[in-house]
Every structure is written in C-alpha cells, then in structure tokens.
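Below: the structure, in structure tokens.
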Amino acid sequence: MISFSAVHKRYPTGYEALRGVSFDIDAGELVFITGHSGAGKTTLCKLAAAIERPTSGSVVVNGQNLAALRKSAIPYVRRNFGLVFQDQKLLFDRTVLDNVLLPLAIVGLSPKEAGKRARAALDKVGLLEREKANPIALSGGEQQRLAIARAVVNRPAILLADEPTANLDTDSAGEVMELFKAFHQVGVTVILATHDTQWVRHLNPRVLWVEHGQVRAPGERPEGQA
Amino acid sequence: MNAWLTQHLSALQGAWQRLAASPLNTVLSLLVIGIALTLPAAGVVVLDNLRQAAAGVASTQQISVFLSPEASRKEATEMESRLRQEVSGSIVFVPREDALKRLQGTAGMAELVASLPRNPLPDAFIVEPRNAAPEQLEALAKTLSAWPKVAHVQLDSAWIKRFDAFLRLGRLAVLLLAAAFAAALVAVTFNTIRLQILAQADEIEVAKLIGATDGFIRRPYYYFGALQGILGGLIAMLLVSAAVAVLSGPVSQLASLYATAFRLHGLGLDHSLLLLGVGALLGWLGAQLSVGLYLRQIEPK
C-alpha cells in the first residue's frame, strides 16, 4: 500500500530530514512512527501524503510513484488519505458540520448524501450534538475528534495522523486513540506519527522508530523504547 | 456528471454567499463596475439614436431627376415605368406645368414667371428611395444620370457623408472608452479577488490538503468575478434606462419643433444582453488573472 525506498529528503535550507529511508506498510496495518522531535516523523508523513516530494528515492502509494506524478494528479492521491494534524487545521469561520462537509464537497457528493455522511461521521466521534457549533467553542480533544471526523468522512483507505495527541490531556488523548483503534478494527490502515510511546503497549501496533532521519530496525531501538 | 453539476452549483452558491457576506464592499465594487460600464453603454445608446434620427431624415432624401426639354410626355411615362421597376420607394412625376405653377405660388416669383416668354422648366421626377444609405443614394444618382433623356440629377448628400463620418468617429471614441473602462473593470475584479484569496488562505490550504483540485478551488472565484460583472452590467442598464427616461420627454419636444416624431430609445435586448455578457466575461478575466497569480503562492506546509 505504501512503500518508501531509499528515500532522502533535503529541504532548501540544507537540512537533511531523511537519509535513505526504506519500509513498506500493508493495507489494514496499524503503524506508529515514533522518535524524538526533529527525527523526521513529520517529513515521513508529508512525503506519504505528497505534501513534500523526496529529494531522491521513491514513495509509492497504491502503486503510484509520487515522485513521478504530475502536479494535477496529486489531489487524487491525497484523497486516499484521511489526514489529521497536530494543529487540526479546522476552519473557524464555519460550523462543525460545515468543516466535515468540505471533503465531501470536494468529491462532488450531493448535498443530501453529504449531509447524511457528515452527520454519521460526527456521530462516530461523538460530536453530532455540536454540529451547529463553531469549532472554536470546542475543547482541544473535541477539536481533534472533529479533525478525525473530517479525515474519515470520505472513507479513506489510510488514516494518517501527525502528533494527534500532542496538545491533549491524558483523557482526551485516550479518547482520540480509541477512535484510531476503532477505525483500524474496521479495516482502515492507520499510521500515527507520535513521540508519545505510552500508547504502544495499549494498542500493540507495528512501530517504526525514526532517529536522525533513518528508520531503525527493532533491535536497534534505544533502551527503554517500545 | 452529477458530481460535476453539484460542484458547479456549489461554487455558484459560494460566490453568491461571498457577495452577500460583505454588502458594503460588494455595493461599492458593483457601483464602480456599473459606472465603468455605463459610460460606453450610454455612448452606444447616443450613437444608436443619432443613427436612427439620421435614418429618419435620410429617408426623406430626394433625388430630383430633371428630363431634357425635348423629352416627350410618352418618354416621361416610359421612364416612370422603368423607375418603378428599378427603384424601391416613392416616385412622383412633376410635369413642367405644375412646376411652373408652384414657382408662381412662391412669394415674389409671380411677376417674374409672368414675364417669361415660355415655360423654361423641364418635366421632373422626385425619387425617394426606401434605402437612403449615402452610398446607395450616390450610386442611384449616378445610374440615373446615365439614362437617356435625363438632363440633370440632383442629390445633396454632402451632409449625409459628414454625418456618417461623425458617426464613425463616435463609434471609435466609444470603442476606446469601452476598452479603457473594460481595463478598469478587470482591475477592480482582480483586486477584489486578490483580497479574498489572501483572506481565505487557510481555507485554500486545508482544501488542498484534503484533495481539492485547482479547478475546485478556482471555480468559486471565477463565478464571483462573472457574477460581479453581470450585476455591474445590470446597474449600467438601470442607469442608462434612467437617463433615457429623463431625457426622452425633452428630446421628443425638441423633435416636434422640427416636425419629426423622433423618440429617444434605450438599450435594446441585443445590446442589453451584450452588456451583461461583456460584464461577465471581463469579471471572469479579472478573476482568472488574480487566481492565476495568487493561488499558486498558497501551498500546504
């Protein structure tokens, strides 16, 4: 489903974020990408979702080499993903429901069908009663759940989240992790980039440990890391 | 097809919402666009009315065909038949006796006419062709002068030529004016949409992140530009109609003093539709330029 092969990424500033990264993620996996801040987790996520392009090497998603894609094809690659960000990237000039409707408008779903699907997604994350609220009125945990509802409303094959619990208290983080677990259990490929390893034991995912721009083999992980 | 239609309807709805979201800005922009379109539209109306007024006068233009003195009445009758065959319009035969009587009836001419030993006037035809275009009149006069037994053909078309030249100049002036104001309209739309894009940078970034194509993001701005142009065109139509309504009475009164029934008319259906279409096209063009320049600067980070 996702394949990184000898991927290097050097930013225009000269900073080398990834150095020869290779790994595969199969459909239906639950994968944690962990590592310290600045290790290259976010760059991995951006490369997978075609937000960045590799300096060298190849990133293949569903059989498509992203490095060789035309710019006009990138939006269609991104529709394979439900993206969740640390800062949620919600739109505060519209309601909770309208935030979830946006991905459905992008694919041209009829307003009636879109309304049904958006409400179903809000129901899954426990926010149906807040559909008319402005996202700014939601707590941090609720905002992250709203971001998850927006990410899953188009029924993506892959749910990719970058530090989804970084700004949340333990209870809210737990609720968010339970949601990821639930989506994984119904067959969605879930990839979480996080420096917080406390959830590894709880969810029992496959772990990719990133250090200094490289993915370490399980035996190479530092002492005390999952 | 359904998805395509849904997306276009949604973009159109979004464009309306953006227009309604900031009424003061919208009204000001529409007024600027409306006034910019009003001036060339008014120019078109003025020229059109002048052309129609001239056509009204020109239709009474006469070509006087004077026959040679030796032309018999039988030849005159034959010539009348030929004229009726070849010229569409009014043809009146004026016998030389009637012409003399008319001359006698003219103030101060009775004594002079009485002193003449014989009638010096020829038979004549007064021809009023239906097609009174200057070029047609001149061509007809030239043809008639070549006919046998025609002594002289009189057509005073110099003023028509001058008037036609004036109309051509007017049309050119209106075109230049229209080009200048079209540029202004494009600039107004360009700037309005530039401000919108900058204000909606977050929304555009999120939309790109979750799989929006460039077309999806651009479409509402195109509709916005086109709608703004159409509404500006409507304002221009209203302003021109109001001006015509105000001027119509005085112009008719003036025309009646010259014994004509000329009435001022406004933009016809064809010109109105053209005005709306041009407004929409220029608005779309302003949007296209603005979106092309500024949208590429917003990419997901």
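So you know, we letter chains A, B, ... as the sequences are listed, proteins then strands, and number each from 1. Not measured: the values here are computed from a predicted model.
- If you check the side chains of B:R218 and B:Y222, you find a donor sitting under 3.5 Å from an acceptor.
- Residues A:Y11 and A:T43 have side chains that bring a donor and an acceptor to within less than 3.5 angstrom of each other.
- Taken from CD1 in A:I33 to CG in A:L160, the straight-line distance is 7.0 Å, to the nearest 0.5 Å.
- Annotation: side chain of A:V59 is in contact with side chain of A:P54 (closest heavy-atom distance under 4.5 Å).
- A:E211 and A:H36 share no side-chain donor-acceptor pair at under 3.5 Å.
- Residues A:N65 and A:S58 bring no donor and acceptor atom of their side chains to less than 3.5 Å of each other.
- Around the OH atom of A:Y15, the shell of radius 6.0 Å holds more than 12 heavy atoms that belong to other residues, nucleotides or ligands.
- The contact between A:D93 and chain B is made entirely by side chain atoms (from C-beta outward), counting heavy-atom distances below 4.5 Å.
- Taking CD of B:Q13 as the start and CG of B:L9 as the end, the distance is 8.5 Å to the nearest 0.5 Å.
- Across all their heavy atoms, A:K71 and B:D214 have their closest contact at NZ-OD2, 4.5 Å.
- Taking a 6.0 Å sphere around CZ of B:R263, one finds it holds 12 or fewer heavy atoms contributed by other residues, nucleotides or ligands.
- Proximity to chain A at a heavy-atom threshold of 4.5 Å picks out nothing from residues 265-298 of chain B.
- The only member of A:L30, A:I2, A:L159 that meets side chain to side chain contact (heavy atoms under 4.5 Å, CB included) when paired with A:I191 is A:I2.
- In this structure the side chain of A:V84 never reaches within 4.5 angstrom of the side chain of A:L192, judged on heavy atoms.
- Taken from OG in B:S10 to CZ in B:F216, the straight-line distance is 6.0 Å, to the nearest 0.5 Å.
- Using a cut-off of 4.0 Å between Lys/Arg side-chain N and Asp/Glu carboxylate O, A:E16 and A:K9 are scored as not salt-bridged.
- Interface with chain B: from residues 101-113 of chain A, residues A:L102, A:P103, A:A105, A:I106, A:V107, A:G108, A:L109, A:S110, A:P111 qualify, criterion being any non-hydrogen pair under 4.5 Å.
- Interface with chain A: from residues 184-211 of chain B, residues B:D202, B:E203, B:E205, B:V206, B:A207, B:K208, B:L209, B:I210, B:G211 qualify, criterion being any non-hydrogen pair under 4.5 Å.
- Judged by a 6.0 Å distance limit and a 45° cone about the ring axis, B:R18 is positioned over the six-membered ring of B:Y221.
- Rounding to the nearest 0.5 Å places OG of B:S29 at 11.0 Å from CG of B:L231.
- Along residues 122-150 of chain A, the residues that come nearer than 4.5 angstrom to chain B, judged on non-hydrogen atoms, are A:R150 in order of number.
- Heavy atoms of A:F85 lying under 4.5 Å from chain B belong exclusively to its side chain.
- Atom CD of A:E29 sits about 11.5 Å away from atom CD1 of A:I158, to the nearest 0.5 Å.
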